[in-house]
Asker: 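Below is one structure. I have some questions about it.
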Amino acid sequence: MVSIDRIKSILTTPKTEWPIIEAEAATVPSIVRDWLVWLAAIPAIATFVGFSLIGFGMMGVTIRVPFLAGIAQAVVGLVMSVVMVWVIAKVADALAPRFGGRADFLSAFKLMAYGSTASMVAGIFYVLPSLSMLALLGAIYTVWLIRLGVPVLMKVPEERAWPYTAVLIVCGFVAGLVVGMITSALTPTRGMMSGADLKISTPRGDVAVDTKKLDDFAKKMEEAAKKMETASKSGDADAAAKAAGQVIGALTGAGQRAPLPVDELKAALPETLADLPRGRWETGSSAPMGLAASRAEAEYGGGDRRMKVEVLDIGGLSGLMSVAGWAGVIGERESQDDRERTFKDGARIVHERERKDGSSAEYKVVLANGVIVEADGRGVPLADLRRAVQSIDLARLEKAGKS
């Protein structure tokens, strides 16, 4: 059973707790059994309660994930969280010697299992979907916990601890995207390797992973380690920090192009769409960890016939999307009440969903350069949403940043 005192110690006095963890006699199975599975259950159960029992609001309507689907997602999410810790621990073990540390898988597993405590405990916020964004605070604190544990468990010198941690965080980000994709697809029924691709058939369609891209990513990881090691050896802390930022950008695709300015995104949203006048609108931009993104959204119509359209340009994450690719899920689904499908339209990915009674519909297109255009309607048929999005100058958005 998980120790509450250990949770408190890791969160409040990590500098003194890491040496205790390092000295403990433990095995990977014992850590999973006595610690990790209990911590991973917090966000899994909280998500089930919040999204299947309580529900979340959207445009005045409370939406709940179906009960059985919620249970399946909780179980798959718990299992995949444990798998993700194991995978990142493997990466930590393999890369440690490149940063002057030691290769020790048990220590690496301890680092990731106990270092993830803050993010998993913060998963309790998913009980109330309106507070789910607060879980990000746990993820941020987890970065600091791992950074403090790196010199103790992996014996990486202090001057190289941040670059090493940065690589692990990028790996964790990619693994999180993949876990989210698999969890959303519920439970895979079978897997098979075909040529250069890995294909998993699921109840909601096929998840295809281009293994060549994964190989390319692995090579980038190796190059990243060399660059960070060189910067660390220079003894210049500023140079090392700059190198870490540049490597993170290279790994995620940042720097391939800058996202469109928010004014241009707003300009893509006309005064009228689907014969509905534009009402409220807003724009915004952000650059977490130097990864820039911009967005613009507008609401059209009102009353029983309204529509929200959003244009999101994650230029700084386009390379990462090409590796993880949520849009690899291709397929169709139909129930008594609704239908949805995800398909390729040339280099674009399109997702459609509609209620059969015509009460709501969604239409989303991911352009070849990663720009996302999404329409969410109430009392607006799917055909009207499709025409509304296609009436936007998608070709211009798709050329964003190209010379």
Side-chain angles (χ1 to χ4, degrees), residues 57-60 132-133 136 140 173 177 242 245-246 248-303 305-327 345-352 361-378 380 382 384-403:
M58 180 179 293
M59 298 186 73
S132 59
M133 286 299 294
L136 179 61
I140 293 173
F173 188 69
L177 290 178
K242 182 178 180 181
Q246 291 174 342
I248 291 176
L251 290 175
T252 59
Q256 290 184 356
R257 67 171 180 83
L260 281 174
V262 291
D263 289 343
E264 293 190 38
L265 297 186
K266 178 192 172 186
L269 301 174
E271 293 290 337
T272 303
L273 271 179
D275 298 324
L276 298 175
R278 188 175 72 185
R280 186 193 67 84
W281 61 266
E282 66 177 63
T283 62
S285 61
S286 60
M289 293 181 69
L291 307 176
S294 58
R295 58 178 285 274
E297 71 171 49
E299 294 182 357
Y300 293 83
R305 194 165 184 264
R306 50 206 168 107
M307 175 175 63
K308 182 176 73 172
V309 180
E310 180 181 32
V311 182
L312 175 66
D313 185 3
I314 49 177
L317 292 176
S318 57
L320 192 57
M321 282 185 64
S322 70
V323 175
W326 71 268
D345 180 12
R348 299 172 180 174
I349 301 294
V350 179
H351 177 76
E352 300 177 337
E362 299 172 8
Y363 183 84
K364 176 187 294 184
V365 57
V366 182
L367 304 181
N369 61 348
V371 174
I372 300 173
V373 182
E374 179 176 7
D376 178 10
R378 295 292 178 269
V380 180
L382 176 61
D384 288 352
L385 289 183
R386 186 185 300 117
R387 282 192 293 270
V389 171
Q390 292 176 351
S391 69
I392 295 173
D393 192 349
L394 299 181
R396 183 186 67 80
L397 292 174
E398 204 157 33
K399 295 177 180 178
K402 292 184 178 179
S403 56

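Start at 1 with the first residue, then count along the sequence. Note that these values count all heavy atoms, side chains included, but never hydrogens, waters or copies made by symmetry.
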Asker: Might you point out which heavy atoms bring R348 and A395 nearest each other, and give the distance in Å?
Answerer: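 R348 and A395 have their closest heavy atoms at NH2-N, 4.0 Å.
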Asker: Which atom names give the shortest non-hydrogen contact between V371 and L397, and what distance separates them?
Answerer: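 Closest approach of V371 to L397: CG2-O, 4.0 Å.
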Asker: Any salt bridge (Lys or Arg N to Asp or Glu O under 4.0 Å) involving residues 259-269? Give me the pairs, sequence neighbours left out, ordered by first then second residue.
Answerer: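 Listed by first then second residue: E264-R396.
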Asker: Identify the two heavy atoms, one from V380 and one from R305, that lie closest to each other, and give their separation to 0.1 Å.
Answerer: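 Smallest interatomic distance, heavy atoms only, reads CG2-CG, 3.8 Å.
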Asker: Between side-chain atoms of residues 267-283 and protein atoms elsewhere (two or more places apart, or another chain), which donor-acceptor pairs fall under 3.5 Å?
Answerer:
from: E271; atom 1: OE2; to: R278; atom 2: NH2; distance (Å): 3.1
from: R278; atom 1: NH1; to: L269; atom 2: O; distance (Å): 2.6
from: R280; atom 1: NE; to: E299; atom 2: OE2; distance (Å): 3.3
from: R280; atom 1: NH1; to: E282; atom 2: OE1; distance (Å): 2.6
from: R280; atom 1: NH2; to: E297; atom 2: OE2; distance (Å): 2.7
from: R280; atom 1: NH2; to: E299; atom 2: OE2; distance (Å): 3.1
from: E282; atom 1: OE2; to: R295; atom 2: NH1; distance (Å): 3.2

Asker: As an exercise, state the distance from CD1 of I372 to CD1 of I349, rounded to the nearest 0.5 Å.
Answerer: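 These two atoms lie 11.0 Å from each other.
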Asker: Looking only at heavy atoms, which two atoms of G377 and L385 are closest? And how far apart?
Answerer: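 What the structure gives for the nearest pair is N-CD1, 3.9 Å.
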Asker: With side chains defined as the heavy atoms from C-beta onward, is the minimum distance between Q390 and Y363 less than 4.5 Å?
Answerer: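 Contact flag for Q390/Y363 side chains = yes.
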Asker: Might you point out which heavy atoms bring D313 and L260 nearest each other, and give the distance in Å?
Answerer: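 Looking at all heavy atoms of both residues, the shortest contact is OD2-N, 2.6 Å.
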